[in-house]
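Single-structure report; data block below.
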Amino acid sequence: MVRGKTQMKRIENATSRQVTFSKRRNGLLKKAFELSVLCDAEVALIVFSPRGRLYEFASSSVSEIIGRYRCHCKINNTTTTSESVENTQHLKEEAENMRRKIDLLETSKRKFLGDGLGSCSIEELEKIEQQLEKSVAKIRTKKTQVFREQIEKLKEKEKALVAENVKLSEKAAKKSQRESVQEAEPYVDQSSPSSYVETELFIGLPETRTRRIPPKI
């Protein structure tokens, strides 16, 4: 049978929960033992059952491994603390520099908009004027470029419309020519005097009647 996937949530049934704990505990202890033997690793495993019963495994000694773990954590915590202080100080300095730059940009923006010019010197005003002139020149250049692009697009559109108009004119001329040719074709007029119909019409008495043949024209 194919085993279904077990959902990672608390087993509500107490009996099933206890059975699962026993099976998986034994498997976990076995894996810890295999890891210590195969890889020559120091492994310590501590498990408390739901009822508070202790199960443990250690490749050498649980207390020695726990002591080594505590020493390792102290060293790492000290290093991490010093690094955190340095990083915090660096971030504070960066934040202060960014705040100053933002203040300068806000001040420059207000001056470019014509506000806060009372405290500016002649040199500062001249610099602002020059910068505004450069900005206006760039804007005009960009505006001219946009206009040229739009004009080119309109020209392309005009060419396409002219070509389409030529095609439609040619089609209309061909159609008109065909209609003129059809109207100019000759046809037989039944009322024309040059046409006649031979009949059995005779004039006079029955004994002397002769068949009249219409004269040919």
Side-chain angles (χ1 to χ4, degrees), residues 4-12 24 28 31-32 35 39-48 50 62-176:
K5 186 176 181 181
T6 304
Q7 295 182 357
M8 288 295 104
K9 66 179 183 178
R10 183 176 181 272
I11 300 174
E12 299 298 334
R24 296 196 176 238
L28 182 61
K31 291 295 182 183
L35 181 63
C39 301
D40 195 20
E42 291 189 31
V43 180
L45 176 63
I46 299 174
V47 180
F48 286 96
V62 175
S63 59
E64 291 180 1
I65 295 175
I66 291 176
R68 184 177 177 183
Y69 169 76
R70 287 177 177 175
C71 292
H72 184 75
C73 289
K74 287 180 181 179
I75 295 172
N76 287 341
N77 288 335
T78 303
T79 305
T80 303
T81 303
S82 60
E83 290 178 354
S84 299
V85 172
E86 292 178 0
N87 291 334
T88 303
Q89 185 66 26
H90 181 66
L91 290 174
K92 286 182 179 179
E93 292 177 358
E94 286 188 352
E96 184 65 22
N97 292 331
M98 291 298 295
R99 187 184 64 79
R100 292 174 183 174
K101 290 180 180 180
I102 291 172
D103 291 339
L104 291 175
L105 290 174
E106 290 291 336
T107 303
S108 300
K109 179 182 177 182
R110 288 194 298 270
K111 290 180 180 180
F112 284 135
L113 294 175
D115 297 332
L117 299 176
S119 60
C120 294
S121 62
I122 298 297
E123 294 179 355
E124 291 179 349
L125 293 174
E126 289 178 352
K127 289 181 179 179
I128 293 173
E129 183 180 6
Q130 292 175 0
Q131 184 63 41
L132 290 174
E133 289 177 353
K134 291 180 180 179
S135 300
V136 171
K138 290 181 179 180
I139 292 171
R140 288 176 177 171
T141 302
K142 182 62 178 178
K143 182 180 178 182
T144 304
Q145 181 181 357
V146 173
F147 280 159
R148 288 177 179 175
E149 291 176 355
Q150 291 181 353
I151 291 171
E152 292 297 328
K153 290 180 180 179
L154 291 174
K155 287 182 178 179
E156 294 294 331
K157 188 175 181 180
E158 181 184 5
K159 289 180 181 180
L161 292 175
V162 169
E164 185 68 20
N165 189 18
V166 171
K167 291 180 180 179
L168 292 175
S169 299
E170 292 177 354
K171 290 182 179 180
K174 291 179 180 180
K175 183 177 179 181
S176 177

Test log, rule side-chain contact (heavy atoms from CB on, under 4.5 Å), inputs Leu125 and Glu129: CA-CA 6 Å; Leu125 293 174; Glu129 183 180 6; over 6 Å; no
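- Proximity of Ser121 to Glu124: side-chain heavy atoms (C-beta onward) are separated by under 4.5 Å at one or more points.
- Qualifying side-chain hydrogen bond (donor to acceptor under 3.5 Å, both in side chains) partners for Ser63, counting only residues two or more places apart in sequence or in other chains: Ser61.
- Atoms NZ and CG, on Lys101 and Asp103 in that order, are 12.5 Å from each other to the nearest 0.5 Å.
- Inter-residue side-chain proximity for Val146 and Lys143 is flagged as unmet; no heavy-atom pair is nearer than 4.5 Å.
- Between atom CG of residue Leu104 and atom CD of residue Glu106 there is a gap of 10.5 Å, rounded to the nearest 0.5 Å.
- When the shell of 6.0 Å around OH of Tyr69 is examined, it contains 12 or fewer heavy atoms from other residues, nucleotides or ligands.
- Ser169 places a side-chain N or O within 3.5 Å of a backbone atom of Asn165 that can act as its donor or acceptor partner.
- The pair Glu96-Arg99 meets the salt-bridge criterion, with a side-chain N (NZ, NE, NH1 or NH2) lying under 4.0 Å from an Asp/Glu carboxylate O.
- Within 6.0 Å of CD in Glu123 there are 12 or fewer heavy atoms belonging to other residues, nucleotides or ligands.
- The main-chain N or O of Glu93 is found under 3.5 Å from a side-chain atom of Asn97 such that the two form a donor-acceptor pair.
- Glu94 has no carboxylate O lying under 4.0 Å from a charged side-chain N of Lys92, or vice versa, which leaves the two without a salt bridge.
- With values rounded to the nearest 0.5 angstrom, Gln131 atom CD is found 9.5 Å from Ile128 atom CD1.
- Between Lys111 and Leu117, the shortest heavy-atom distance links the atoms O-CD2, 3.6 Å.
- Residue Leu161 qualifies as enclosed at atom CG: its count of foreign heavy atoms under 6.0 Å is above 12.
- Considering only heavy atoms from C-beta on, Arg148 stays 4.5 Å or farther from Gln145 through its side chain.
- Atom NZ of Lys127 sits about 13.0 Å away from atom CD1 of Ile122, to the nearest 0.5 Å.
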